[in-house]
Engineer: 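First, the structure itself, so that you have it in front of you.
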Amino acid sequence: AHRFPPGWVIVPDGKVVSLEVESAEFVEAIALGPRIAEVAERLEHQPDLHLTSYHKVRIVTYSHDVGHLTERDEALAREISALVTRG
């Protein structure tokens, strides 16, 4: 079984995991994009990023090449959680 940091939710089919991040304001939410991009490029595993309201971002990761979650998704989730936790 895959282990993801607190807050990450695996969809019922087990192929996708996501995290909702709420920022204080729009500029903070938008600023998450480039910061997450740096982590994603380093890990060579890019998530989907969705601005779901003016201050909320949904981060979605999956391993589309194999059709299920992998250790790449776990590593990316850990790094993103560390990033958003330290602000």
Side-chain angles (χ1 to χ4, degrees):
H2 293 286
R3 300 175 71 185
F4 291 93
W8 288 85
V9 177
I10 299 174
V11 298
D13 70 3
K15 295 181 180 179
V16 174
V17 64
S18 67
L19 176 68
E20 300 278 345
V21 178
E22 185 171 339
S23 298
E25 56 189 51
F26 176 75
V27 173
E28 285 182 20
I30 291 296
L32 282 174
R35 295 170 65 210
I36 291 171
E38 287 182 23
V39 169
E41 285 298 295
R42 181 165 38 82
L43 295 179
E44 298 181 353
H45 194 54
Q46 294 78 21
D48 297 340
L49 301 177
H50 306 272
L51 187 67
T52 59
S53 78
Y54 77 94
H55 68 304
K56 294 180 182 177
V57 177
R58 183 163 55 100
I59 304 154
V60 180
T61 184
Y62 53 94
S63 293
H64 53 85
D65 55 340
V66 294
H68 58 81
L69 294 170
T70 68
E71 55 280 344
R72 291 178 295 164
D73 300 297
E74 291 180 49
L76 183 62
R78 281 193 303 273
E79 294 262 352
I80 290 173
S81 286
L83 180 77
V84 300
T85 300
R86 66 178 177 259

Engineer: Could you give the side-chain donor-acceptor pairs of residues 5-21 under 3.5 Å, partners two or more places apart or in another chain?
Structural biologist:
from	atom 1	to	atom 2	distance (Å)
W8	NE1	S81	OG	2.7
D13	OD1	K15	N	2.9

Engineer: Looking only at heavy atoms, which two atoms of A29 and L51 are closest? And how far apart?
Structural biologist: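 Taking A29 first and L51 second, the nearest heavy atoms are CB-CD1, 4.0 Å.
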
Engineer: Return the CD to OG distance between E74 and S63, rounded to the nearest 0.5 Å.
Structural biologist: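 Here the rounded value is 9.5 Å.
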
Engineer: Write out all pairs satisfying salt bridge (charged side-chain N to carboxylate O under 4.0 Å, His left out) with one or both partners inside residues 37-51, taking only residues at least two apart or from two chains.
Structural biologist: R42-E79

Engineer: Who pairs with E25 by side chain to side chain donor-acceptor pair (under 3.5 Å), at least two apart in sequence or on another chain?
Structural biologist: none

Engineer: Residues in side chain to side chain contact (heavy atoms under 4.5 Å, CB included) with L49, at least two apart?
Structural biologist: I36, P47, I59

Engineer: Does any pair with a residue in residues 51-61 pass side chain to side chain donor-acceptor pair (under 3.5 Å), and if so which ones, sequence neighbours excluded?
Structural biologist: E22-H55, H45-T61, S53-H55, T61-D73

Engineer: So how far is it from L76 CG to L69 CG, rounded to the nearest 0.5 Å?
Structural biologist: 11.0 Å

Engineer: Can you name the residues that form a ring pair (Phe, Tyr, Trp, His ring centres under 6.0 Å) with Y62, not counting sequence neighbours?
Structural biologist: H64

